[in-house]
Amino acid sequence: NAGVTQTPKFQVLKTGQSMTLQCAQDMNHEYMSWYRQDPGMGLRLIHYSVGAGITDQGEVPNGYNVSRSTTEDFPLRLLSAAPSQTSVYFCASRPATGGPYEQYFGPGTRLTVT
Amino acid sequence: DAKTTQPPSMDCAEGRAANLPCNHSTISGNEYVYWYRQIHSQGPQYIIHGLKNNETNEMASLIITEDRKSSTLILPHATLRDTAVYYCIVRAGHSGGYQKVTFGTGTKLQVIP
């Protein structure tokens, strides 16, 4: 299993540009989520999904959209990038049943908005 | 989820045991204690979890006090590769519905040669 994969690893955007951060997992996990991590801070939840076709907002959803058309993929879209969105983004997945259980995190995407 | 309190940083000599404390005085009966770590620039990595009994795996040991209000993660023989931020998280173990997990700022462990 590849686990949780994220692309790209690094990205530089100009203010106002849009882009999609990709996340995929091959463990057939129902739950997937996106976090951002700013310097010196913990992880903050952006959006999450409990299954294909179902998404919900986390702590800091503004400026981001998500969709979940398949179990495997959970892309994060930045509609109009702002410097405040400069951060490291982590995708995570875990199974819905059989808990307790751990989350599996991807390697992260480092985004800079200028 | 119950709130956790961890020291912001700790040092440990290479080869010695690293003992990382966590207070979770408001933990409720169905909440588990989880530990993750994040090595610089990487995604968080699961280490261990427990409910009330002490637990051990190939990475670490978890000691939970009898009243469950605090716990200690033990890395028995710390290496330089264990330098990371360690997060203690408390959340319910049941599988019904999504539970938002709060990662605090954790403890930055520096293993010194």
Side-chain angles (χ1 to χ4, degrees), chain A residues 2-6 9-10 21 23 25 27 29-51 54-61 66 68 74 87-111, chain B residues 1-6 8-9 22 27-53 55 57-60 62 64 71 73 84-108:
Chain A
V4 180
T5 58
Q6 292 183 238
K9 290 188 176 177
F10 300 94
L21 308 186
C23 174
Q25 52 92 9
M27 298 172 282
H29 287 168
E30 294 88 347
Y31 290 176
M32 296 185 74
S33 50
W34 276 102
Y35 294 84
R36 61 177 286 174
Q37 186 172 37
D38 301 308
M41 297 183 68
L43 294 157
R44 291 187 291 169
L45 181 65
I46 304 172
H47 285 286
Y48 65 96
S49 169
V50 299
I54 306 169
T55 64
D56 205 347
Q57 296 180 350
E59 304 171 65
V60 287
V66 291
R68 184 101 178 268
F74 190 43
S87 189
V88 181
Y89 292 83
F90 292 101
C91 179
S93 75
R94 61 178 170 89
T97 58
Y101 36 73
E102 63 269 26
Q103 287 203 92
Y104 296 83
F105 284 84
T109 294
R110 189 174 296 272
L111 175 69
Chain B
D1 291 347
K3 181 178 172 153
T4 62
T5 304
Q6 299 176 254
S9 63
C22 179
I27 192 170
S28 57
N30 68 339
E31 288 182 317
Y32 286 73
V33 180
Y34 289 79
W35 282 84
Y36 287 78
R37 74 179 182 183
Q38 187 174 23
I39 296 171
H40 182 62
S41 298
Q42 297 182 23
Q45 175 191 24
Y46 164 82
I47 300 172
I48 199 168
H49 73 268
L51 183 62
K52 51 185 173 182
N53 296 323
E55 302 288 345
N57 63 19
E58 64 278 5
M59 289 181 69
L62 174 60
I64 302 174
S71 61
L73 178 75
V85 177
Y86 288 77
Y87 297 98
C88 170
I89 297 160
V90 174
R91 75 163 196 260
H94 63 76
S95 60
Y98 186 86
Q99 300 149 47
K100 298 177 185 181
V101 176
T102 300
F103 283 77
T105 51
T107 296
K108 185 170 184 178

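A, B, ... follow the sequence lines: proteins, then strands. Residue 1 opens every chain. Only heavy atoms go into these numbers, but all of them, side chains included; no hydrogens, no water, no symmetry mates. Keep in mind that what you see is a predicted model, and the values were worked out from it rather than measured.
Heavy atoms of A:Arg44 lying under 4.5 Å from chain B are absent altogether. Neither the backbone nor the side chain of A:Glu30 has a heavy atom closer than 4.5 Å to any heavy atom of chain B.
Put simply, the side chain of B:Gln38 reaches to within 4.5 Å of the side chain of A:Phe90, judged on heavy atoms. Contact of the A:Gln103 side chain with the B:Pro44 side chain is not registered, since no non-hydrogen atoms from C-beta on lie closer than 4.5 Å.
The candidate from A:Leu43, A:Val88, A:Val4 with the greatest count of non-hydrogen atom pairs under 4.5 Å with chain B is A:Leu43.
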